[in-house]
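Worksheet: the structure to be examined is printed underneath.
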Amino acid sequence: MDASDKKRAAAKAALEIIQPGTSLGVGTGSTVNFLIEMLPAVRDMIDCIVSSSRASSVLLEEQGFTVSTLNEVGDFDLYIDGADESNKRLQLIKGGGGALTREKVLAAAARRFVCIADDSKLVGMLGSFPLPIEVLPMAQELVSRRMLKMRGRPIWREGFITDNGNHILDVHDLQIPNPIEMEARINRIPGVVTVGIFADRPADILLIGADEGVREIRI
Ligand code: 5RP
């Protein structure tokens, strides 16, 4: 099984969690794209949908879904999204696709957060994947200097503008033994819109596609 097969298997397992009357949040990325392809099969069970990015909204609309805003929907039942890394406590690094801010907002508003991923994403300690940070353009240099002080190696994501009109700083070489503390510390830097550590609000369920099938980890 290659990574795509594993992602597809995890997405299929998430589809089975959707119950009649579900208000659904849909994340962003290649794993979620498999989910979006499969969603028409459970169309009748979905009460309403919110999305974490323009890219996912376009794909959902292509499948014939109407995408609502979070302000219209309020708190909702189930958020399904991928991740770049997860530890066993289901604390995540997200934002490889640059949608981290809207993803964090949707995760906060969801009663249940199901993360779908292939088995390469499960790690002992977060930080091998460069940590994405969404930053106000005018604070680019300030945030970069602060991350250097924290012993990270910050690299700007060239030519990338988020759906919110901001920039992404990818911070390499960080070790994140205490994700809750690190999330709060980086969020306190003026100009940081969102850091891609999801530890204060981790996933509730992780569905991991692997050669032997889909493993479920709950906290
Ligand atoms: C986008 C994300 C994605 O969930 C993350 O990058 C995983 O992507 P993929 O499913 O393509 O591996 O956080 O901002």
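None of these values were measured; they are calculated from a predicted model. Order of appearance sets the numbers: ligands from 1, and atoms from 1 within every ligand.
When the side chains of ILVMFWY residues are joined at heavy-atom separations under 4.5 Å, either directly or via intervening members, Met125 and Val195 end up in two distinct hydrophobic clusters.
Sequence neighbours left out, the pairs with a member in residues 10-34 that pass salt bridge (charged side-chain N to carboxylate O under 4.0 Å, His left out) are Lys12-Glu16.
Residues Ser51 and Ser56 have side chains that never bring a donor and an acceptor to within less than 3.5 angstrom of each other.
Listed by chain and number, Lys7, Thr28, Gly29, Ser30, Thr31, Asp81, Gly82, Ala83, Asp84, Lys94, Gly95, Gly96, Gly97, Gly98, Ala99, Glu103, Lys121 each place a non-hydrogen atom less than 4.0 angstrom from ligand 1.
The aromatic rings of Trp156 and His167 sit perpendicular, their planes meeting at an angle over 60°, well past the 30° parallel limit.
Counting only heavy atoms from C-beta outward, the side chains of Ile168 and Ile133 never approach each other to under 4.5 Å.
One finds no salt bridge joining Asp84 and Lys94 here, because no Lys/Arg side-chain nitrogen approaches an Asp/Glu carboxylate oxygen to under 4.0 Å.
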